[in-house]
Protein chains: 2
Amino acid sequence: MPQGKPDIVPDDGLTTRQRRNRPLLMVHTGPGKGKSTAAFGMALRAWNQGWPVGVFQFVKSAKWRVGEERALRVLGDSGEGGTVAWHKMGEGWSWIRRPGADHSDDAREGWAQIKRDLAAETYRFYVLDEFTYPLRWGWLDLDDVVETLAGRPGAQHVVITGRDAPERLVEAADLVTEMGKVRHPMDAGQKGQKGIEW
Amino acid sequence: MPQGKPDIVPDDGLTTRQRRNRPLLMVHTGPGKGKSTAAFGMALRAWNQGWPVGVFQFVKSAKWRVGEERALRVLGDSGEGGTVAWHKMGEGWSWIRRPGADHSDDAREGWAQIKRDLAAETYRFYVLDEFTYPLRWGWLDLDDVVETLAGRPGAQHVVITGRDAPERLVEAADLVTEMGKVRHPMDAGQKGQKGIEW
C-alpha cells in the first residue's frame, strides 16, 4: 500500500516520531473472513522486527490454527526474528494443566495471564485471537479489559480478533477493521478445506 | 472460528469431498487494512500443507512487505512445509533483469509469468498482491485475466488483494472479503510505523 499522509496533525504535545511509534490497540471484527489471518500476517511483521510475539487463542476448535501455529513456531525457533509464545485455551493453557476446567474459568485464567504479561511487558506484539467471544458471553469483565488495555505500559501492540466486538472495545481501539462478507464458498454449499480454513 | 455447515447443497454433480477441495479464487478488497496481511496469513496455512507458494507483488513500495517476505523466505527454506517463491515488480521481476522498464510493461510481464505458472501448475497457492491496481489502471486486459483465472487447471488457489476490485473479478471469485475502515490511526495524525505497516 502506498504510504499515506495524515490529514490532520493533532495538538497532543507528541513529536511525529513519538506519535508514529505509539503502541496500538487494534480490533479485527465483522462477519467476513480474514480477521485472524490478518492478525497473524501482522505477527510476521512484528517477528521481523525482532519483537517477542505472544498469541492467546480463546476459542477451542478441532482445527485450531494449525498452519499459523506451526509457521510461527518455526519462525520463533529460527533464531532470525523475534520469539513466539503460543498459548491456547481449552486443552488447558500452557502455563496451567488442569483438564476439565469450565471454559469460562479457562477464559478468565487466560485473561489473568495476559494482564500479568502486559504489566511485565513480556511481549511487544499480542494476538488475542477470538477474544471478543468470551467478552460477548460475559465471561470477562469488559470494564477491566478496556481499562487494562488502555493503561498498558510501554510500547506493547495488541490486536484482538472476533465477531461482534463490544462497542466500548471498538471505541478504545486505535485501529478497527470490519471484515465484511461479500461472498463465501459456504453460501454455495462448500465446507471448509485444508490449507484455506486451517 | 467454529466450523459452519452449508445452508444449501448444490446440484452440481460433485461429491462433498470434490466440492470441499475445489480450488478457490479469492479477493480481498475494500478501503480498510488487512487485505494483504490476511492473504499472507493464509499463505501460512498453505505452507503448512506443504504446498508450493508463489507471491507476486504488483506495486512498488519503499517498504515493500519486508516482514512478510523475510518470514515466508525463512519458512520456505526451513524444509518443514512448502516452498516459497517471492517475486516483486518494479526493481525488475526475479525472472527478468531489465532496469528502467515502464511500470505497465512490468505489470504485463508479471501477468504473463503468472499465466505460464498457472498453465504449468507451478504453485498450489498464489498471492497476487495489489493486483487490482494494474487492472484498474488498464495495464492488463481484464477479459484475459478473468478467463485465465476461471479456466486455470488443477487445484490451484489464488488470492488477489487491493482496493476497488473490478466488478467482473468479484463476480468470478468464490470468496470475496471487503475490508472496511472503521478507524485508522492516520485519521488521528499518525503515520505508519515499523512492525505494523511493514
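Below, all heavy atoms of this structure are taken into account, side chains as well, without hydrogens, waters or symmetry copies. Computed from a predicted model, the values in this text were never measured in an experiment.
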Practice item. Have a look at B/L44 and tell me which of A/V74, A/L44, A/T37 forms a side-chain contact (heavy atoms from CB on, under 4.5 Å) with it. Key: A/L44
Review point. With distance as the sole test, does B/R70 use its side chain to make a donor-acceptor pair with the main-chain N or O of A/E80 at under 3.5 Å?
Key: yes
**Study point:** Residues in side-chain contact (heavy atoms from CB on, under 4.5 Å) contact with A/D164, at least two apart in sequence or another chain
**Key:** A/R136
Revision key, fill the gap. Among B/N48, B/T29, B/D129, B/V159, the residue with the most heavy-atom pairs under 4.5 Å to chain A is B/N48
Exercise for review: Could you please spell out the steps behind the side-chain contact (heavy atoms from CB on, under 4.5 Å) verdict for B/R65 and A/R45?
Suggested key: CA-CA 8 Å; B/R65 307 241 176 252; A/R45 298 177 182 171; 3.5 Å; yes
Check your understanding: Are side-chain heavy atoms of B/T177 and A/K181 found at a separation under 4.5 Å?
Key -> no
Check your understanding: Cluster question for you: counting only ILVMFWY and a side-chain heavy-atom cut-off of under 4.5 Å, with indirect links fine, are B/M179 and A/V176 together?
Key -> no
Check your understanding: Between B/L75, B/V27, B/T161, which residue shows the highest count of heavy-atom pairs closer than 4.5 Å to chain A?
Key -> B/L75
Review point. By a 4.5 Å heavy-atom criterion (distance strictly below it), what part of A/E178 contacts chain B: side chain, backbone, both, or neither?
Key: both
